[in-house]
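One-based numbering, in listed order, for ligands and for the atoms of each. Note that the coordinates shown come from a computational prediction; the quantities given were computed from them, not determined experimentally.
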Amino acid sequence: MSLPARVRLVEVGPRDGLQNERQPIGIADKVRLVDDLSAAGLGYIEVGSFVSPKWVPQMAGSAEVFAAIRQRPAVTYAALTPNLQGLEAALQAGVREVAVFAAASESFSRRNINCSISESLARFVPVMDAARRHGVRVRGYVSCVLGCPYDGHIEPEQVAAVARELHGMGCHEVSLGDTIGVGTASAARRLFEVVGREVPRERLAGHFHDTYGQALSNIYASLLEGIAVFDSSVAGLGGCPYAKGATGNVASEDVLYLLQGLGIETGIDLRALVDAGQRISTVLGKDNGSRVARALLGG
Ligand SMILES: CC(C)(COP(=O)([O-])OP(=O)([O-])OC[C@H]1O[C@@H](n2cnc3c(N)ncnc32)[C@H](O)[C@@H]1OP(=O)([O-])[O-])[C@@H](O)C(=O)NCCC(=O)NCCSC(=O)C[C@@](C)(O)CC(=O)[O-]
């Protein structure tokens with residue numbers, strides 16, 4: 001299969017990245033990050049979550065962030081909504097695209113959203129119905145697609161079953177998350193080969209964490225399987241609160257550098273993205289997690 005001519009990056013730094021930070025982050029800093037990312041040319045930004053603040057305190061101010069960002073017409077600004085309560089809060093905040101999130105592993109599902117996989121899928125049905133009534137698009141996630149911190153090995157068929165359900169209930173895209181970054185290129189190819197039998201490949205996205213340093217090779221392997229949407233996080237922000245030791249998502253800057261080298265279009269300005277990542281890293285007092293950014297900044 002030939003490589004896609006264009007790839008869409010889904011920027012998850014403001015949500016998947018910042019949700020894991022323990023220190024308080026001001027609303028103004030979150031807003032600045034989202035605005036920097038849209039200015040850099042990102043067309044899809046996950047801004048926050050409407051989840052229980054007891055479970056993920058860092059996302060508590062998501063409605064305020066939505067109210068303050070400068071929304072550009074061509075950009076999709078999305079939020080996570082695990083249940084109807086979350087969807088209603090998102091609608092109130094004017095959100096036009098949401099995401100529901102399930103897992104391929106029972107133990108992770110319980111730790112992350114306090115219910116079994118089948119309970120979570122049943123819970124999403126009214127979310128999908130309400131979203132449809134309000135003309136809001138829904139994306140779906142499956143976590144632990146290449147391994148689980150509690151259940152270990154995950155078969156691609158387990159992932160395919162959950163992805164098929166999400167797609168069948170109306171998710172326009174299903175993102176497959178290697179939550180703890182254990183996957184390797186051949187496993188990633190096999191994953192998309194198997195899941196691609198149940199859900200059209202143009203409806204699938206890859207979401208790779210870089211814990212084992214495999215994310216870029218997994219993305220390249222996925223490109224070879226015809227996947228053209230990837231989630232990434234500026235400056236490699238993030239981790240996973242329920243997956244001990246997991247590092248952030250693959251850095252958006254590093255993915256962009258790979259894609260540029262392959263001659264694949266994204267519409268994103270690398271230098272502006274590097275500056276956005278460096279700014280939020282400085283706010284957080286952290287080293288920039290993007291190798292490309294570190295190289296370009298000479299640090
Ligand atoms: C799903 C629940 C709510 C179940 O949590 P629960 O405790 O079973 O919920 P409940 O329905 O029994 O409600 C308990 C309390 O939570 C409140 N509540 C209930 N729902 C909401 C809501 N939407 N927003 C705000 N508050 C809410 C509800 O009002 C009540 O408040 P109380 O009466 O005790 O004061 C909880 O487990 C939760 O919020 N989990 C969120 C977990 C999360 O955000 N994880 C990170 C995102 S997933 C991820 O990062 C993976 C991904 C997507 O990136 C892909 C990958 O890498 O794998």
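For ligand 1, none of its N or O atoms has an N or O atom of Tyr141 under 3.5 Å away. Ligand 1 has no N or O atom lying under 3.5 Å from any N or O atom of Val56, backbone or side chain. Between Pro53 and ligand 1, no N or O atom pair is found at a separation short of 3.5 Å. In terms of polar-atom proximity, Gly86 is counted as a contact of ligand 1, with an N or O under 3.5 Å from an N or O of the ligand.
Selection from Gln85, Arg139, Lys54 by nearest heavy atom to atom 19 (C) of ligand 1 gives Gln85. Counting only non-hydrogen atoms, the option in Asn83, Leu80, Asp16 that gets closest to atom 23 (N) of ligand 1 is Asn83.
Residue contacts with ligand 1 leave out Met59, since none of its heavy atoms falls under 4.0 Å from the ligand.
Applying the 6.0 Å contact sphere to CZ of Arg201 captures more than 12 heavy atoms from other residues, nucleotides or ligands. Shown here is His134, whose NE2 atom has no more than 12 heavy atoms of other residues, nucleotides or ligands within 6.0 Å. Within 6.0 Å of CZ on Arg189 lie more than 12 heavy atoms contributed by other residues, nucleotides or ligands.
Within ligand 1, the atoms closer than 4.0 Å to a non-hydrogen atom of Phe101 are 43 (C), 44 (O), 47 (C), 48 (S), numbered from 1 in the order shown. Each of the atoms 47 (C), 49 (C), 50 (O), 52 (C), 53 (C), 54 (O) of ligand 1 lies under 4.0 Å from some heavy atom of Arg15. Under a 4.0 Å criterion applied to the non-hydrogen atoms of Ser143, ligand 1 contributes the atoms 51 (C), 55 (C), 56 (C), 58 (O). Close approach of ligand 1 to Asn114 (heavy-atom distance below 4.0 Å) involves ligand atoms 6 (P), 7 (O), 8 (O). Near Ile113, meaning under 4.0 Å from one of its heavy atoms, ligand 1 places the atoms 1 (C), 4 (C), 37 (O). Every atom of ligand 1 with a heavy atom of His209 under 4.0 Å away is listed here by number and element: 57 (O). Short contacts between ligand 1 and Asn112, defined as distances under 4.0 Å to a heavy atom of the residue, involve ligand atoms 37 (O), 40 (N), 41 (C), 42 (C), 43 (C), 45 (N), 46 (C), 48 (S).
The hydrophobic cluster containing Val194 does not contain Ile117, counting ILVMFWY residues as joined when their side-chain heavy atoms lie under 4.5 angstrom apart, directly or transitively.
A 4.5 Å side-chain heavy-atom check between Val98 and Phe50 finds every atom pair outside the cut-off. The shortest side-chain heavy-atom distance between Leu270 and Leu296 falls under the 4.5 Å cut-off. By the 4.5 Å heavy-atom criterion applied to side chains, Phe208 and Val255 are not counted as neighbours. Ile264 is listed as a side-chain neighbour of Leu223, based on a closest heavy-atom distance under 4.5 Å.
When all heavy atoms of Arg6 and Thr266 are compared, the pair lying nearest together is NH2-O, 3.5 Å.
Among residues at least two apart or in separate chains, salt bridge (Lys or Arg N to Asp or Glu O under 4.0 Å) pairs with a member in residues 136-159 are Glu97-Arg137, Arg139-Glu173, Arg139-Asp231, Glu157-Arg190.
At a 4.0 Å heavy-atom cut-off, ligand 1 does not touch Gln58 at all.
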